[in-house]
Amino acid sequence: GGFTVTNLQLTGTGTKMVTLRSSSNGTAWQLNDTNNTVTYVDVEDSDARSNTTIVATDGTSTDSTGNINWNFGNSGQTVTATKTGNWSDSTIWDKGFVPNNTNDVIIASGYTVTVNTTATAKSLTINNSGATTGLTISGANQITVSNATTCSAPSGSGTSTIAIGGGAFIAAGNLTLNGGAASRICQVTMGAGTLTLGNDMTFAGTLAQTVFNNNAAGTINLQGGTIT
């Protein structure tokens, strides 16, 4: 079943949560809303992807799993890209919402996420089991990662790339590139954009499979840490 609501207002309390459940446990129920105000809600199996993301980021609500296009960002969820597409597209993320600076972000093997907006993340990890994988910044857009950025060593032949292009990548935490065996590469490529390092940049693993390419005279701002 499903519900269409123009103005959704769910206001529970600390002692009396608003509880939302499917009539059939484990089966998604549809929720289509235009505007929403949500606090002290415990929700499960809600599919709200047909319209506006439901924002429940004040730290009072509970994600009881199975929810799509609900943003419980302040609860510190890990959000994984499971499709290739734009950062701003909620459908490429497994939790159904666009991550913010409270979320640890993972890009799964075989997918490339394009930063097409001003983006933030708590941490960023790029995994690779043998495919073209990575993060690409389009135009003059920017991403800020407040904690560690990690390019994991590919476990199969493939290349993981952070492609800054003409945009800006602000790595406030450590930036680590882990090279794998032959043809298992982690790399950063730059156009005329800017890489800001707030902490260490480390080339680790098999160093021959780690690459930093700044052929287009991009700018590197070293605000702290070392490059090793």
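Count residues from 1 along the sequence. Values reported hereafter were calculated over all heavy atoms of this structure, with side chains retained and with hydrogens, waters and symmetry mates removed.
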Novice: Heavy atoms only: give me the nearest Met190-Ala216 pair and the separation to one decimal.
Specialist: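 In terms of heavy atoms, the two residues are closest at O-CB, 3.9 Å.
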Novice: For the residue pair Pro154 and Ser129, establish whether any side-chain heavy-atom pair is separated by less than 4.5 Å.
Specialist: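 Sidechains of Ser129 and Pro154: no contact.
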Novice: Find out if a path of hydrophobic residues (ILVMFWY) with successive side-chain heavy-atom gaps under 4.5 Å connects Val211 to Ile164.
Specialist: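 In one cluster with Val211: Ile164, no.
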Novice: Atom CG in Asp47, atom OG in Ser22: separation rounded to 0.5 Å?
Specialist: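 Going from CG on Asp47 over to OG on Ser22, the span is 11.0 Å.
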Novice: Check each of Thr117, Asn116, Thr114 against Ser88 using the side-chain hydrogen bond (donor to acceptor under 3.5 Å, both in side chains) test, and report the only one that passes.
Specialist: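 Of the listed residues Thr117, Asn116, Thr114, the side-chain hydrogen bond (donor to acceptor under 3.5 Å, both in side chains) partner of Ser88 is Asn116.
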Novice: Any side-chain to backbone donor/acceptor pair from Asn67 onto Trp70? Under 3.5 Å, distance only.
Specialist: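 The answer is no, because no donor-acceptor pair under 3.5 Å joins these two groups.
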Novice: Can any side-chain N or O of Asn69 pair as donor or acceptor with the backbone N or O of Ala48 at less than 3.5 Å?
Specialist: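 Confirmed, Asn69 side chain pairs with Ala48 backbone.
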Novice: Before giving the answer on side-chain hydrogen bond (donor to acceptor under 3.5 Å, both in side chains), spell out for Thr37 and Gln9 the whole-Å C-alpha distance, their side-chain angles and the decisive distance to 0.1 Å.
Specialist: CA-CA 5 Å; Thr37 302; Gln9 184 167 342; 5.3 Å; no
Novice: Taking side chain as C-beta onward, heavy atoms only, is Ile227 less than 4.5 Å from Asp200?
Specialist: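 Not in contact.
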Novice: Rounded to the nearest 0.5 Å, how far apart are OH of Tyr40 and OG1 of Thr60?
Specialist: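 Here the interatomic distance stands at 5.5 Å.
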Novice: Going through the checks in order, is the side chain to side chain contact (heavy atoms under 4.5 Å, CB included) test met by Asn103 and Phe97?
Specialist: CA-CA 11 Å; Asn103 300 117; Phe97 65 83; 3.7 Å; yes
Novice: Would a single hydrophobic cluster contain both Ile126 and Leu195, if residues Ile, Leu, Val, Met, Phe, Trp and Tyr are joined by side-chain heavy-atom contacts under 4.5 Å?
Specialist: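 Yes, Leu195 connects to Ile126 through the hydrophobic network.
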Novice: Applying side-chain hydrogen bond (donor to acceptor under 3.5 Å, both in side chains), run through Asn128 and Ser160 and close with a yes or a no.
Specialist: CA-CA 7 Å; Asn128 193 330; Ser160 294; 2.9 Å; yes
Novice: Are side-chain heavy atoms of Thr176 and Met201 found at a separation under 4.5 Å?
Specialist: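 No, side chains not in contact.
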Novice: Give me the one residue out of Asp104, Thr149, Asn174 that meets side-chain hydrogen bond (donor to acceptor under 3.5 Å, both in side chains) with Ser123.
Specialist: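 Testing each of Asp104, Thr149, Asn174 against Ser123, the sole residue satisfying side-chain hydrogen bond (donor to acceptor under 3.5 Å, both in side chains) is Asp104.
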Novice: Examine Val105 and Ile92 and state if one hydrophobic cluster contains both, with Ile, Leu, Val, Met, Phe, Trp and Tyr joined whenever side-chain heavy atoms are less than 4.5 Å apart.
Specialist: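 Yes.
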Novice: Does the side chain of Gln142 come within less than 4.5 Å of Ile170's, by heavy atoms?
Specialist: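 When only atoms from C-beta onward are counted, Gln142 and Ile170 do touch, with a gap below 4.5 Å.
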Novice: Side-chain heavy atoms under 4.5 angstrom apart, residues restricted to Ile, Leu, Val, Met, Phe, Trp, Tyr: same cluster for Trp87 and Ile68?
Specialist: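 No, no single cluster joins them.
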Novice: Not counting sequence neighbours, list each pair that qualifies as a salt bridge (charged side-chain N to carboxylate O under 4.0 Å, His left out) and has a residue in residues 10-25.
Specialist: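 Applying salt bridge (charged side-chain N to carboxylate O under 4.0 Å, His left out) to every pair that reaches into residues 10-25, excluding sequence neighbours, yields Arg21-Asp42, Arg21-Glu44.
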Novice: Could you check whether any side-chain heavy atom of Ile107 comes within less than 4.5 Å of a side-chain heavy atom of Thr112, counting everything from C-beta outward?
Specialist: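 No, too far: nothing below the 4.5 Å cut-off.
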Novice: Testing Leu197, Leu124, Thr202 for side chain to side chain contact (heavy atoms under 4.5 Å, CB included) with Leu175, which one passes?
Specialist: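 Only one option passes, and that is Leu197.
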Novice: Nearest 0.5 Å, please: how far is OG in Ser90 from CZ in Arg49?
Specialist: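 One finds 9.5 Å between CZ of Arg49 and OG of Ser90.
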Novice: Shortest non-hydrogen contact from Gln77 to Phe72?
Specialist: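 Here Gln77 and Phe72 meet closest at NE2-CB, 3.2 Å.
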Novice: Apply the test side chain to side chain contact (heavy atoms under 4.5 Å, CB included) to residues Leu8 and Leu10: give CA-CA distance (whole Å), side-chain angles for both, the deciding distance (0.1 Å), then the verdict.
Specialist: CA-CA 7 Å; Leu8 178 68; Leu10 302 172; 4.0 Å; yes
Novice: For the residue pair Asn101 and Ser146, what are the closest heavy atoms and their distance?
Specialist: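 Scanning both residues, the minimum pair turns out to be O-OG, 4.3 Å.
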Novice: Can you name the closest pair of heavy atoms from Ala182 and Ser157 and give their distance?
Specialist: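 Smallest heavy-atom distance, with atoms named: O-OG, 4.4 Å.
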Novice: If you look at every heavy atom in Gly191 and Asn214, which pair is closest and at what distance?
Specialist: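 Result for this residue pair: O-OD1, 4.1 Å.
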Novice: With rounding to the nearest 0.5 angstrom, report the CG to OG1 distance, Asn213 to Thr189.
Specialist: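 So the CG of Asn213 and the OG1 of Thr189 are separated by 6.5 Å.
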Novice: Start with the C-alpha gap between Thr196 and Thr144, add the side-chain angles, then the distance that decides, and say whether side chain to side chain contact (heavy atoms under 4.5 Å, CB included) holds.
Specialist: CA-CA 9 Å; Thr196 299; Thr144 301; over 6 Å; no
Novice: Nearest 0.5 Å, please: how far is CZ in Phe212 from CG in Asn215?
Specialist: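 Taking CG in Asn215 and CZ in Phe212, the distance rounds to 10.0 Å.
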Novice: Show the nearest heavy-atom pair for residues Thr226 and Thr228, with the distance to one decimal.
Specialist: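 Closest approach of Thr226 to Thr228: OG1-CG2, 3.8 Å.
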Novice: Assigning hydrophobic clusters by single linkage (Ile, Leu, Val, Met, Phe, Trp, Tyr; side-chain heavy-atom cutoff under 4.5 Å), is Phe169 placed with Ile220?
Specialist: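 Yes, Phe169 and Ile220 fall within the same hydrophobic cluster.
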Novice: Would you confirm whether Thr62, through its side chain, and Ser64, through its main-chain N or O, come within 3.5 Å as a donor-acceptor pair?
Specialist: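 Not a single qualifying donor-acceptor pair exists.
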Novice: Examine distances only and state if a side-chain atom of Asp33 and a backbone atom of Thr6 form a donor-acceptor pair shorter than 3.5 Å.
Specialist: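 Judged by distance alone, no pair lies under 3.5 Å.
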Novice: Under 3.5 Å, is there a donor-acceptor pair linking the side chains of Asn32 and Asn51?
Specialist: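 There is such a pair (donor and acceptor under 3.5 Å, judged by atom type) between the side chains of Asn32 and Asn51.
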Novice: Pick out which of Val43, Ile54, Val55 makes a side chain to side chain contact (heavy atoms under 4.5 Å, CB included) with Val38.
Specialist: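 Going through the options one by one, the only one that passes is Ile54.
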Novice: Starting from the C-alpha separation in whole Å, work towards a yes-or-no answer on side-chain hydrogen bond (donor to acceptor under 3.5 Å, both in side chains) for Asp89 and Thr91.
Specialist: CA-CA 5 Å; Asp89 181 0; Thr91 67; 2.8 Å; yes
Novice: Side-chain contact test, heavy atoms from C-beta onward, threshold under 4.5 Å: evaluate it for Val115 versus Leu135 and give yes or no.
Specialist: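 In short, these two side chains touch, coming nearer than 4.5 Å.
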Novice: Could you check if a side-chain atom of Thr53 sits within less than 4.5 angstrom of a side-chain atom of Asn71, using non-hydrogen atoms only?
Specialist: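 The answer is yes, as the side chains (C-beta and beyond) meet within the 4.5 Å cut-off.
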Novice: Show your reasoning for whether side chain to side chain contact (heavy atoms under 4.5 Å, CB included) applies to Asp45 and Trp29.
Specialist: CA-CA 6 Å; Asp45 297 327; Trp29 56 280; 4.2 Å; yes
Novice: Check whether Arg184 reaches the backbone of Gly158 with its side chain - one donor and one acceptor, N or O, closer than 3.5 Å.
Specialist: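 No; judged by distance alone, with no hydrogens or angles, the pair does not exist.
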Novice: When you measure from the side chain of Ser152 to the backbone of Asn127, do you find a donor-acceptor pair of N or O atoms at a distance under 3.5 Å?
Specialist: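 No, Ser152 side chain to Asn127 backbone: no donor-acceptor pair under 3.5 Å.
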Novice: Is the backbone of Gly110 close enough, under 3.5 Å, to the side chain of Thr133 for a donor and an acceptor to pair up by distance?
Specialist: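 Such a contact is found between Thr133 side chain and Gly110 backbone.
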Novice: Should we say atom NZ of Lys122 is surrounded by more than 12 heavy atoms from elsewhere, each under 6.0 Å from it?
Specialist: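 For Lys122, atom NZ is not crowded (no more than 12 foreign heavy atoms under 6.0 Å).
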Novice: Calculate, to the nearest 0.5 Å, the distance between atoms CG and CG belonging to Asn36 and Leu31 respectively.
Specialist: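 Interatomic distance, Asn36 CG to Leu31 CG, rounded to 0.5 Å: 8.5 Å.
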